[in-house]
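Note sheet for the following structure.
In what follows, every chain begins at residue 1, and chains take the letters A, B, ... in the order their sequences are listed.
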Amino acid sequence: MKNAGVISWSEVDTREAALIQRCTTGDEVACADLVAEHQRMVYALGLHLLGDRDEALDLSQEVFLRVFRTLASFRGQSALRTWIYRIVINQARNRQRWWRRRHRSSQVSLDEHLQQCGDVESKGTALPDRLLASKETASRIWQALDRLPFDQRTALILREIDGLRYEEIAFSLGVAVGTVKSRLTRARQALRAELLGLRT
Amino acid sequence: MTQYVGCEQARGLLDGLVDGELSMADQLAVESHLRWCRTCALRVDDMRLIGTSLRIGAPAHQPDGNRDQAVAAINDAVLMRVRAELDQSFAVRVREMFADRRLLWPALGATAAVLLFVGVASSVLHASSAEQPRSLAAMIATLSHPGSERNPLRPAENGVSIPRIPPLDDGGAMEFEEALPDEDEVYLVRTVVSRDGRVTNYELLLSGPEGGTPARTRELAVQEKAVLDVIRQTRFTPAQTPLGHAVAVDMVWMIAKTTAVVLPTMNVDVSVMQERPKDVPKPAVQDPAAAPERSSTTRRLKYRPSATA
């Protein structure tokens, strides 16, 4: 079994290490910098995992509080960003168990979201596959993604949206790299079945 | 030269190709395969389309006028809570330590396992540290207390008196009279008499005659049990040292019941037979047929039990 990659303190960015050091001493300015640097990433991942804006905002606060509580125990076993990803995933997993039982009916689908917020963002230079990814396709893919098990969904989101490498995903999920590969394969198979159903 | 891969092998590498996680050799091999295999190429196209759909349909990537303000507010909210947390009580901090419920059951299980282990270990230690009766320490402790129930003395040695049963008039031996069978019998019992005169341990060295038939055997067993019950309940006047200290003694005592036949022509001084030494041999059993018939003149003489060391 190949474990997730581990990096040493020497490989952590010097500026990041200094920021962490300042945060552990209670420097509020450093804490504000750390939050500002990662809040968008934390919020986005929380939103993709939970599918609710308010829940994602609440989760973001919880994640940063936990980061500051446990930052003293951070020993550079990964990049700070990957370490924060791990906290986000754990918090989202706990929150989702509780939240899905109670607020499942109030979850907003992507269709409603797109109706409220407008069409998908378009870029100037459109790639051929992007042209194919119509609004309906994206909506169906996201609906199918929401039906996947949490671990498969998380692995696919970390890979496709956040662009993490297999080793980083493995660390964030606390599993082996081989497990990440199998989860990605199964998740893509399920979504591809949805895609094929869309074509017929 | 590019390595050849078939469809089956290529399919296991397609995810790695899409994610850019293949080695250079594998990547070249899979790309070479895709040039002629339309099925696998379509599969890769679908995977890339899924990725693209996820990226462009991601909720966080949609324009939202309020989102930027809300995200920016995270910073202030977090800093405010960090400051407030410093003032929180210890109990609240402990509760929040267990907010991660993933570890709750493993932690409880581990705690239960540790408690179980500690319980088992302490019971084993307790059992192993308890003094064993055959240990040297127990033997030394026993020998250091002569005259105790665990180390009784022998009566009539070093001036230790012999425990006595209260006189017949006080009813002390009356129970024996009732418990003993009609026939002549001798019981030899080894007992330990405690400091307060109770029989704490006993061993039947010699019992009455053996039964011939099963019915007779059962009858004798009942009689023997009755005698032993009386022995257990017997209270002695405790043995004492010359200084007057009560001590436990280990002694052998004989309970005998003998029937003497007084013929009309014999002149027997009954008073002589009130005390019968233990070394007096039991009268030989005569042939019942040859024995004289018990008549109304036959007297049964019951002897008090006598103790001997």
Taking all non-hydrogen atoms of both residues into account, name the closest pair between [X] and [Y] and its distance.
| X | Y | answer |
| --- | --- | --- |
| A/Ala138 | B/Ser53 | CB-O, 3.9 Å |
| A/Glu160 | B/Asp19 | OE2-OD1, 4.3 Å |
| B/Ala58 | A/Ile161 | CB-CD1, 4.0 Å |
| B/Val82 | A/Phe68 | CG2-CD1, 3.7 Å |
| A/Leu65 | B/Val78 | CD2-O, 4.1 Å |

Looking only at A/Ala44, A/Cys31, A/Ala32, the option with the highest number of non-hydrogen pairs under 4.5 Å against chain B is A/Ala32
Name the option with the most non-hydrogen atom pairs under 4.5 Å to chain B; the candidates are A/Gln189, A/Glu194, A/Glu62.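 With the most close heavy-atom pairs to chain B, the winner is A/Glu62.
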Passing option when A/Arg192 is tested against B/Asp15, B/Asp45, B/Asp46 for salt bridge (Lys or Arg N to Asp or Glu O under 4.0 Å): B/Asp46
Would you call A/Arg188 and B/Leu14 a side-chain contact if the rule is heavy atoms closer than 4.5 Å? no
Any A/Leu57 side-chain heavy atom under 4.5 Å of B/Ile74 side chain: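 Side-chain contact under 4.5 Å: yes.
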Heavy-atom contact with chain A under 4.5 Å, split by part of B/Leu79: side chain
What part of A/Arg159 gets closer than 4.5 Å to chain B, counting heavy atoms only: side chain, backbone, both or neither? side chain
Against chain B, label A/Leu191 side chain, backbone, both or neither, depending on which of its atoms sit under 4.5 Å from a heavy atom there. both
Distance in Å, A/Gln61 CD paired with B/Asp76 CG, rounded so as to fall on 0.5 Å steps: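 Interatomic distance, A/Gln61 CD to B/Asp76 CG, rounded to 0.5 Å: 10.0 Å.
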Measure the spacing between CG of B/Leu49 and CD1 of A/Ile141 and express it to the nearest 0.5 Å.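 CD1 of A/Ile141 is found 6.5 Å from CG of B/Leu49.
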Thinking salt bridges, do B/Glu21 and A/Arg165 make one under a 4.0 Å N-O criterion? no
With a 6.0 Å cut-off (strictly less than), is the heavy-atom count around CZ of B/Arg232, excluding the residue itself, greater than 12? yes
Check this for me: B/Trp36, atom CH2, are more than 12 non-hydrogen atoms of other residues, nucleotides or ligands nearer than 6.0 Å?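 Yes - once you tally the heavy atoms of other residues, nucleotides and ligands closer than 6.0 Å, there are more than 12.
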